[in-house]
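Written out below as structure tokens is the structure these notes cover.
Both backbone and side-chain heavy atoms feed into the values below; hydrogens, waters and symmetry mates do not.
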Amino acid sequence: MRSPRRCSRNGCPRQAVATLTYVYGDSTAVVGPLAAFAEPHTYDLCETHARSLTAPRGWELVRHDGDFAPPPPTTDDLVALAEAVREAARPVPPRPDDTDHTPGHQTGRRGHLRVIPPSH
């Protein structure tokens, strides 16, 4: 399963929505929409860090004016979600110590739920 790209700032767990690129020859920092692929000399940023970023003294900062949108889910994300749903729906066999052995009483356990048959 491929996890979504995270903000490059240390300790930030948020999902990246923007990419920071430096153009050293022009002393310019550019913050734009999230690049299609992670590149070695760019930084992925969450919206908070993308909006609050400042450029070094003497540098120009070019910032995207619109809203930053999270990237759309990929087929990898959809497959991982489907597998998680399948795993969660898989029945849990009752454990021997979770079954009431009283005659005429058939109570079983599935995960955190107790199955109680209707009264006759």
Practice item. Kindly say whether Leu20 contributes a backbone atom to a donor-acceptor pair with the side chain of Thr42 at under 3.5 angstrom? Key: no

**Study point:** Which residues share a ring-ring contact (aromatic ring centres under 6.0 Å, His included) with Phe37, sequence neighbours left out
**Key:** none

Check your understanding: Any side-chain heavy atom of Leu34 within less than 4.5 Å of one from Val17?
Key -> no

Point to revise | Pairs touching residues 20-44 that satisfy salt bridge (Lys or Arg N to Asp or Glu O under 4.0 Å), sequence neighbours left out | key: Arg5-Asp44

Check your understanding: What pairs of residues pass the salt bridge (Lys or Arg N to Asp or Glu O under 4.0 Å) test when at least one of them lies in residues 52-64, not counting sequence neighbours?
Key -> none

Exercise for review: State which residues pass salt bridge (Lys or Arg N to Asp or Glu O under 4.0 Å) with Arg51; sequence neighbours excluded, sorted by chain then number.
Suggested key: Glu47

Check your understanding: Should Trp59 and Leu61 be regarded as members of a common hydrophobic cluster, given that ILVMFWY residues are connected when their side-chain heavy atoms come within less than 4.5 Å of each other, either directly or indirectly?
Key -> yes

Point to revise | Joint hydrophobic cluster, Val62 plus Tyr24, side-chain heavy atoms closer than 4.5 Å | key: no

Practice item. Please identify each residue that fulfils side chain to side chain contact (heavy atoms under 4.5 Å, CB included) with Arg9, with sequence neighbours left out. Key: Cys7, Cys12, Leu45, His49

Exercise for review: Indicate yes or no for a side-chain donor-acceptor contact from Arg6 to the backbone of Pro13 under 3.5 Å, with no hydrogens or angles considered.
Suggested key: yes

Practice item. State, to 0.1 Å, how close Ala18 and Val31 come at their nearest heavy-atom pair, and which atoms those are. Key: CB-CG1, 4.1 Å

